[in-house]
Amino acid sequence: MKASKIAYKPVGLALGAVSGMVAGATFKQAWKMLGHDEDAPDATDEERSWNEVLLAATLQGAIFAAVKAAVDRAGATATRRLTGTWPG
């Protein structure tokens, strides 16, 4: 494994934690904007419909994936600017 990959690991872990928090907050805001309840349904919420549960899961997955990709890409780009090498 290249030294740049090893050195990037802690940075990647920190960015992953930050991206999770950002994605969670973004999803909550998106769910509110769609006019649904304050909290998104869990898969085991008996009072919620299949459609609502699956819509929430789909939206949450899409937001988490997009935020993670954006944060990972930004971290890799910043690492290249600082070190001159791509961490991946």
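Separation of atoms CG (Asp39) and NZ (Lys32) is listed at 8.5 Å; rounding is to 0.5 Å. Expressed to the nearest 0.5 Å, how far CZ of Phe64 lies from CG of Leu59 amounts to 10.5 Å.
Of all heavy-atom pairs between Ile63 and Ala30, the closest is CD1-CB, 4.0 Å. The shortest non-hydrogen separation linking Ala40 to Arg48 is C-NH1, 4.0 Å. Minimum interatomic distance between Trp86 and Ala76 (heavy atoms only, all atoms of both residues): CZ2-CB, 3.5 Å.
Looking only at distances, a side-chain donor or acceptor of Asp45 sits under 3.5 Å from a matching main-chain atom of Asp42.
Proximity of Leu15 to Tyr8: side-chain heavy atoms (C-beta onward) are separated by under 4.5 Å at one or more points.
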